[in-house]
There are 2 protein chains.
Amino acid sequence: MCQDGHVDKPKTVPERRAGALTRDRVVAVATEILDEQGETGLTFRALAARLQTGHGAIQWHVANKGELLGAATAAIVTSAVGEARPDAVPRQAVHDIALGVFDVMDAHPWLGRQLVGSAWEPTTLWVFELLGRQVAKMCTTPTDQFNATSALLTYIIGAGGREAANAGAPEAARERQELLDTMSQFWGGLDPRRYEFTRSVAESLRTHSDRAVFVAGIDLVLAGINSKKTGIGTNI
Amino acid sequence: MCQDGHVDKPKTVPERRAGALTRDRVVAVATEILDEQGETGLTFRALAARLQTGHGAIQWHVANKGELLGAATAAIVTSAVGEARPDAVPRQAVHDIALGVFDVMDAHPWLGRQLVGSAWEPTTLWVFELLGRQVAKMCTTPTDQFNATSALLTYIIGAGGREAANAGAPEAARERQELLDTMSQFWGGLDPRRYEFTRSVAESLRTHSDRAVFVAGIDLVLAGINSKKTGIGTNI
DNA sequence: ACCTGAACACCGTTCAAGT
DNA sequence: ACCTGAACACCGTTCAAGT
């Protein structure tokens, strides 16, 4: 297209083609595909097609698919959870961290399963660290701190996994509210003898906000931590 | 081998071969393979080989792999979580349910990922129902009950997913304690400025029991529920 | 009804070969 | 060093054909 005359380009960018193939670019485009088509849509061949190269070339930058998914996960989550504001009270700081992870899991539904599957990868460890600093202000012993932080981490990541499962449900095309209406009606029609509780919360299912329910769970854990500190609620 | 004379067999068992191929048998053998080799080891071909049939035959009984995994999951979990003892206090009953799921996830590491991935399948819904009945004795409004039960379910299933991730870690062959020692040493050697908290709980990691940490998390949520009921701990 | 096995489309990964 | 593309082994699923 462009007529390329003899222009003295500054030698800052030694690119060899329009978009040089770097590991970052591979990961970025992989994230695009993941967001559009989910985990099953991401193949080395689809990735190669979009990057306009052979699929073998990609594997020079990332060894295998697991590494590719891991890198995409790390890039997103790390930038999502920043340092806590130094003046924030522990509860607020934990909210910030938890919701940071939650929102990013909501925006990239494939993230949930990925984070669940990676036990103590650097990304997970960093979230653990950030949560732990706040928990440390609320618990006395290291063991209590370890337990409480583990609980928060397990809950947060578990929520993401379930969010991902919901997003990838049978009819993903259907509207969320329409799906909740159908499910709520199903719950309401269950056998009262076997599903007395589920029936009783059918309306809550219909009107609930995933995010609000998520935060409510965080607050329950935090309240549990706090009640333990004050010595109240230990004998339930 | 056996000489088959004209024996009048009772016509109770119309079996056509030693082990007739039923859906239950397919699921049972699939579970065997899953326990031995994990999710990647379960293929229709491997299953067919062990069942001594063609791999197409299996697909007459179970339509696809998802259904196979779902059936295996349902069979195990349903039998693991029984009805709660009527005389148990809520906390004890929740422990029974939660530990029932945890132990079965621990025995079948592939279960975790499977339960995380199935959002509101009958199996999950049943655990939700059982948990909810106990929570209903501790919370007032349906919304609080819904939120609290969701939190417990998310935590329990999330824990199973992370357990599964740990079991499928790089060197699965290594002993658990050896792996914890290595990890603990790594945590202890982290940069004190970036990982002050993680460093401080390195010893807790080394000596912790997965099951105890799991229960501690359950108790935090329960304490949170209780503190909300008593109106204490709402302002953390 | 239940079972068989060939065939199809697709995948991750490897690797000899290029520049 | 970076990239190419053929080749390999393997998978889930389909389906015409048998009993």
Side-chain angles (χ1 to χ4, degrees), chain A residues 11-34 36-73 110 113-114 117-118 168 170 172, chain B residues 11-34 36-73 110 113-114 117-118 168 170 172:
Chain A
K11 51 169 56 178
T12 52
V13 183
E15 62 188 74
R16 78 192 56 211
R17 69 167 70 182
L21 195 58
T22 62
R23 187 188 150 99
D24 283 349
R25 212 171 108 72
V26 169
V27 172
V29 174
T31 304
E32 278 181 25
I33 297 178
L34 284 166
E36 293 169 14
Q37 315 188 41
E39 194 170 326
T40 58
L42 178 66
T43 66
F44 279 106
R45 285 163 177 82
L47 190 54
R50 197 174 288 211
L51 284 166
Q52 301 188 47
T53 44
H55 65 265
I58 296 164
Q59 244 134 334
W60 194 89
H61 292 278
V62 283
N64 50 43
K65 193 169 180 180
E67 188 183 321
L68 184 58
L69 284 165
T73 301
W110 51 273
R113 272 184 78 87
Q114 193 57 33
S118 61
Chain B
K11 50 168 56 175
T12 51
V13 182
E15 61 187 78
R16 78 192 56 211
R17 69 167 70 183
L21 195 58
T22 61
R23 187 188 150 99
D24 282 350
R25 213 172 106 73
V26 169
V27 172
V29 174
T31 304
E32 278 181 27
I33 298 179
L34 283 166
E36 292 169 14
Q37 315 188 40
E39 196 171 325
T40 57
L42 177 66
T43 67
F44 278 106
R45 283 164 179 82
L47 191 52
R50 196 173 291 210
L51 284 166
Q52 302 190 48
T53 45
H55 63 267
I58 296 164
Q59 243 134 336
W60 194 91
H61 292 278
V62 282
N64 50 43
K65 192 169 180 179
E67 189 183 320
L68 185 58
L69 284 164
T73 302
W110 51 273
R113 271 185 79 85
Q114 192 58 31
S118 61

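Lettering follows sequence order; numbering is per chain, from 1.
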Query raised in the report: A:Glu39 has an atom CD; how far is it from atom P of C:dC11, in whole Å?
Result: 14 Å
Query raised in the report: CD/B:Gln52 to CG/B:Leu21 distance, rounded to the nearest 0.5 angstrom?
Result: 11.0 Å
Requested in this report: May I have the distance from B:His61 (atom NE2) to C:dA1 (atom C1'), rounded to whole angstrom?
Outcome: 10 Å
Requested in this report: Using the side-chain contact (heavy atoms from CB on, under 4.5 Å) rule, pick out the option among B:Val27, B:Asn64, B:Leu34 that qualifies with B:Leu69.
Outcome: B:Leu34
Query raised in the report: How far does NE2 of B:His61 sit from CG of B:Asp24, to the nearest 0.5 angstrom?
Result: 10.5 Å
Requested in this report: Identify whether the distance between the nearest side-chain nitrogen and carboxylate oxygen of A:Arg23 and A:Glu67 falls below 4.0 Å.
Outcome: yes
Query raised in the report: In whole angstroms, how far is the P atom of D:dA1 from the CG atom of A:Leu21?
Result: 16 Å
Query - Value rounded to 0.5 Å, distance of CD1 in A:Ile58 from CZ in A:Arg50 - result: 11.5 Å
Query raised in the report: Nearest nucleotide by nearest heavy atom, which residue falls closer to the 5' end of DNA chain C, B:Gly54 or A:Thr40?
Result: B:Gly54
Query raised in the report: Atom OG1 of B:Thr31 and atom CD of B:Glu36: how far apart are they, to the nearest 0.5 Å?
Result: 11.0 Å
Requested in this report: Just need the stems in DNA chain D: three or more back-to-back Watson-Crick or G-U pairs, each with both distances under 3.5 angstrom, sorted by first number.
Outcome: C:4-8 with D:12-16, C:12-16 with D:4-8
**Report entry** Euclidean distance, B:Leu42 CG relative to B:Lys65 NZ, rounded to 0.5 Å
**Finding:** 5.0 Å
Query raised in the report: How does protein reach along nucleotides 12-19 of chain C, written 5' to 3' as B (base within reach of a heavy atom under 4.0 Å), S (only sugar-phosphate), or - (no contact)?
Result: BBB-----
Report summary line: In whole angstroms, the gap separating C1' of C:dC2 from CZ of B:Arg23 amounts to 16 Å
Report task. Please name all residues satisfying side-chain contact (heavy atoms from CB on, under 4.5 Å) with B:Thr40, sequence neighbours left out, ordered by chain then number. Result -> none
Requested in this report: Can you tell me the distance, in whole Å, between the CG atom of A:Leu47 and the C1' atom of C:dC11?
Outcome: 14 Å
